[in-house]
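Hydrogens, waters and symmetry mates play no part in the numbers below; they use all other heavy atoms, side chains included. The chains referred to below are lettered A, B, ... by the order of the sequence lines, with proteins before strands, and numbering in each begins at 1.
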Number of protein chains: 2
Amino acid sequence: MASQAFDMEIFFKALADRTRLRLLNLMREDEVCVCFFVEVLKTNQPKISRHLAYLRKAGIVAARREGKWMHYRIVTPSHPHAERVMKEVMTWLSEDRETQRDRERLIKVCCSPQPPLQIQGAPRPASLST
Amino acid sequence: MASQAFDMEIFFKALADRTRLRLLNLMREDEVCVCFFVEVLKTNQPKISRHLAYLRKAGIVAARREGKWMHYRIVTPSHPHAERVMKEVMTWLSEDRETQRDRERLIKVCCSPQPPLQIQGAPRPASLST
DNA sequence: AGATCATATTCGCTTTGACGAATACAGATG
DNA sequence: CATCTGTATTCGTCAAAGCGAATATGATCT
């Protein structure tokens, strides 16, 4: 039975960190390149990479390479209950103040005519590419 | 807005532990006395009390004193998303192998004509009192 | 009051995980 | 090849949290 294959403890541990929740929020609609996470969360790159690795090991996100760039996206859990919890979490995040501001900043960074140095040339999230 | 009053990180940290999930599962239908948790999870009493305190501080359970005994029950979160996640978690637990076995053991311990010494005289969960 | 029972808390220890800084790796480019 | 750039990992440190054992607290009963 699918209920047995999925470790609830690992799943909730992955959700039990503010930085990881903010990362998931930024991936809500699309896969997103690591450099955008760094820019939007205004933190250092190793921290982002470590949290993404944590989420990846928990089976919650997947990575795709595109040249030098890595894109991360949310993986819909195969377990039905986990899937519903994830869906609820994503809605929850869409109504949270801080994560709303994060998304505004993502849009700003992506669509600005003069993007930050770190970002120039990076592949934009599909839904935000102009 | 209610979304701001509830800390997602604290909420998920509370769910991110196997022992706490097992405790919540035992409280699924009723409030339950501490001594039953100890008996069913076959562990020491301080461990149970510490995890219950953790859940209480996270606002997920509440305690009621009845003489020497303490009963714990699940508190429905005031936050709508938290409430839906909790509901999903409870269903999830009802389909999980280990937690199913826990409930079977709870019933056995409660309804046995010859209950373990630790339990004799303890107030039974309402739904299981014979 | 003293004894007993159920539960809570503290203590000392160990593990986990978060962090910044430094370093390693992988792909692109010259 | 060397170099640069984006990302991943390692290192050392620190705080959080898990644990068993011991102890404290609070209620009941004699």
When you get a sec, tell me which of [options] is the closest nucleotide to the side chain of [X]?
X	options	result
Arg65(A)	dG20(D), dA8(C), dA26(C)	dA26(C)
Thr43(B)	dA21(D), dG17(C), dG20(D)	dG20(D)
Trp69(A)	dC5(C), dA21(D), dT7(D)	dT7(D)
His51(B)	dC19(D), dA8(C), dA8(D)	dC19(D)
Ser49(B)	dT7(C), dG18(D), dG6(D)	dT7(C)
Tyr54(B)	dA17(D), dT7(C), dT9(C)	dA17(D)

Please find the pair of heavy atoms, one from Leu93(A) and one from Leu21(A), that lie closest to each other, and give the distance.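 Answer, listing the atom of Leu93(A) first, then Leu21(A): CD1-O, 3.5 Å.
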Check Ala63(A) against Arg56(A) and note the closest heavy-atom contact, atom names and distance.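 Shortest heavy-atom separation between Ala63(A) and Arg56(A) comes out as CB-CD, 4.3 Å.
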In whole angstrom, give the distance that lies between atom [atom1] of [X] and atom [atom2] of [N].
X	N	atom1	atom2	value
Lys13(B)	dT16(C)	NZ	P	16 Å
Asn44(B)	dT9(C)	CG	C1'	13 Å
Met70(A)	dA24(C)	CE	C1'	15 Å
Ile48(A)	dT7(D)	CD1	P	11 Å
Arg50(B)	dG18(D)	CZ	P	9 Å
Glu31(A)	dT7(D)	CD	P	12 Å
Asp17(A)	dC19(C)	CG	C1'	11 Å
Phe12(B)	dG17(C)	CZ	P	17 Å

Parallel, tilted or perpendicular: which fits the ring planes of Phe11(A) and Phe6(A), with parallel below 30° and perpendicular above 60°?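 Answer is perpendicular, since the angle exceeds 60°.
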By the 4.0 Å heavy-atom rule, please label Phe37(A) as base, sugar-phosphate, or nothing.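 Touches nothing.
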Touch class at under 4.0 angstrom, heavy-atom based, for Phe36(A) against every strand present: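 Contact class for Phe36(A): none.
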Measuring to OP1 and OP2 of dC19(D), would you say a side-chain N or O of Lys47(B) lies under 4.0 angstrom away?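 True: Lys47(B) side-chain N/O within range (under 4.0 Å) of dC19(D) OP1/OP2.
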Non-hydrogen side-chain atoms of Val61(B) and Met27(B) separated by less than 4.5 Å: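 Val61(B) vs Met27(B): side chains touch.
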For the residue pair Arg28(A) and Asn25(A), confirm or rule out a side-chain donor-acceptor distance under 3.5 Å.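 Yes, side-chain donor-acceptor contact under 3.5 Å.
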Whichever of Arg20(A) and Gly67(A) has its nearest DNA chain C nucleotide further upstream toward 5':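 Nearest-nucleotide comparison on DNA chain C picks Arg20(A).
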Is there a donor N/O on one and an acceptor N/O on the other, under 3.5 Å, for the side chain of Gln45(B) and the base of dA8(C)?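 When only heavy-atom distances are counted, Gln45(B) does reach the base of dA8(C) through a donor-acceptor pair under 3.5 Å.
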